[in-house]
Amino acid sequence: MRISRPLESGRVPCAVIMKIVIAPDSFKGSLTAKEACVAIKSGVLKAVPDAEVVMIPMADGGEGTTRSLVDALGGEMIRCRVLNPLGETITAEYGILSDNTAVIEMAEASGLTLIEKGRRDPMRSTTYGTGEMIRDALDRGCRSFILGIGGSATNDGGAGMAQALGFGLLDRNGRQIPFGGAGLAEIHRIDKSTADPRIRESKFIVACDVDNPLCGENGASHIFGPQKGATPEMIEILDKNLGYFADIIERDMGVSVKDTPGAGAAGGLGAGMLALLNASLRRGVDIVIDAVGLKASLRGADLVITGEGSCDFQTVKGKTPYGVAKTAQQLGVPAVVIAGNVGTGAEALYDHGVVGIFTLVNGPVSLDRAIEKAGSLLEDAAARTVYCISQFMGKMK
């Protein structure tokens with residue numbers, strides 16, 4: 001940081017030249033992470049025209065992670081035909097980064113939002129489409145995978161995914177079991193000899209932000225089943241079936257997953273990926289932080305600006321602003337958060353490297369209007385925030 005040279009007439013005066021890293025998540029419903037970066041950068045340069053600005057679109061492993069990583073690291077979006085949770089053919093999208101890493105969000109093929117509320121049925125919904133996306137990426141030469149598993153409509157323990165990748169989940173007559181959580185009751189053995197051999201050549205990292213075990217009161221069926229359409233009676237059946245599947249996995253694959261933290265994620269897809277893909281489970285935002293090289297970009301920075309659509313008590317549980325601020329804190333870089341809405345519990349971020357939380361709304365405005373004008377509002381909020389901080393830093397200097 002150094003004192004700025006005098007500015008030409010008509011520009012906002014500033015006290016210092018700064019290195020500022022911009023690392024927001026998307027603002028859901030209005031701006032992608034890249035668009036948020038561009039808006040914030042415009043505001044920063046209004047306040048500190050000579051600033052060195054580094055833009056890093058971020059995500060936390062949930063919705064928007066694929067687009068953020070493609071925007072940050074380069075690559076392309078791929079479309080392929082897959083089965084949705086109820087076995088209907090749809091088009092799903094995933095990313096292939098410039099280093100040939102595939103970034104797949106299971107919700108694209110097996111997500112809750114793909115099925116209308118009245119049709120949701122975890123007894124028969126399948127992760128087969130997620131396996132088809134993985135297979136498509138394998139066909140394109142990918143051997144490194146980042147998999148986001150939030151927002152599932154399924155409770156099949158990843159059985160459908162396994163079937164799409166060639167595993168035999170066979171009943172007593174040697175036939176593939178039916179799709180869905182109900183079908184798990186019919187499994188007699190797992191035949192891994194028919195699995196796609198390219199799986200053994202590949203590395204799978206799974207973005208998993210829950211630590212629920214596969215079974216029991218805190219397991220996949222009891223905690224997440226109701227939102228997927230499960231009745232109390234269904235929940236008991238689904239939980240029992242996942243436990244039975246875990247026993248078969250342990251016997252035939254030699255992997256114990258029933259009580260593993262995170263195994264219950266996405267209706268047990270976490271367990272299936274652990275056992276059948278030899279995957280590792282990590283917090284989503286940590287995966288993204290490593291992938292984009294955030295720590296290296298923060299070295300020598302005076303400030304990092306992050307943000308998301310709504311900042312509240314959930315943010316500190318592993319969302320993007322928390323992850324960015326914690327990383328910056330390790331390097332002694334202050335972090336500020338700009339959010340569309342600041343709710344109860346956001347102040348917990350002050351214990352994790354955040355020095356200020358600001359809302360982009362600058363007056364009474366409807367939600368629709370705020371979404372429509374999100375870009376300009378974010379630009380103005382960034383300008384106000386950075387101007388204030390730059391003046392303070394100049395006086396400290």
Counting neighbours of [atom1] on [X] that are heavy atoms of other residues, nucleotides or ligands and sit closer than 6.0 Å, is the number greater than 12?
X	atom1	answer
R200	CZ	no
E63	CD	no
K34	NZ	no
E201	CD	yes

Would you say the side chain of [Y] lies within less than 4.5 Å of the side chain of [X], judging by non-hydrogen atoms?
X	Y	value
S152	T127	no
L97	V70	yes
Q330	K295	yes
L138	F145	yes

Worked check of salt bridge (charged side-chain N to carboxylate O under 4.0 Å, His left out) between R172 and E186: CA-CA 8 Å; R172 291 184 179 276; E186 299 184 32; over 6 Å; no
Stepwise side chain to side chain donor-acceptor pair (under 3.5 Å) test for T66 and E93: CA-CA 9 Å; T66 300; E93 193 172 42; over 6 Å; no
In terms of hydrophobic clusters joined by side-chain contacts under 4.5 Å, are [X] and [Y] together?
X	Y	result
M18	V355	yes
L298	L69	yes
M133	V103	no

Residues which pass salt bridge (Lys or Arg N to Asp or Glu O under 4.0 Å) with E116, listed by chain and number, not counting sequence neighbours: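 Scan of E116 (salt bridge (Lys or Arg N to Asp or Glu O under 4.0 Å), adjacent residues dropped) gives R119.
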T320 and D25: CA distance, side-chain angles, deciding distance, side chain to side chain donor-acceptor pair (under 3.5 Å) verdict: CA-CA 6 Å; T320 291; D25 203 331; 2.9 Å; yes
Evaluation steps, salt bridge (charged side-chain N to carboxylate O under 4.0 Å, His left out), between R282 and D286: CA-CA 7 Å; R282 294 185 60 200; D286 292 338; 5.1 Å; no
Test side-chain hydrogen bond (donor to acceptor under 3.5 Å, both in side chains) applied to R198 - qualifying residues, sequence neighbours left out: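 Counting only residues at least two positions away or on another chain, R198 forms a side-chain hydrogen bond (donor to acceptor under 3.5 Å, both in side chains) with D139, D196.
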Worked check of salt bridge (charged side-chain N to carboxylate O under 4.0 Å, His left out) between D71 and R67: CA-CA 6 Å; D71 286 342; R67 171 57 66 183; 3.7 Å; yes
Pair L238-L242, side chain to side chain contact (heavy atoms under 4.5 Å, CB included): steps then yes or no: CA-CA 6 Å; L238 291 167; L242 283 177; 5.6 Å; no
Donor-acceptor pair between R81 and T91 side chains, under 3.5 angstrom: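 Judged by distance alone, the side chains do pair up.
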Candidate pair K28 and S26, rule side chain to side chain donor-acceptor pair (under 3.5 Å), full reasoning: CA-CA 6 Å; K28 301 296 188 291; S26 61; 3.1 Å; yes
S110 and T154: CA distance, side-chain angles, deciding distance, side chain to side chain donor-acceptor pair (under 3.5 Å) verdict: CA-CA 7 Å; S110 312; T154 57; 5.7 Å; no
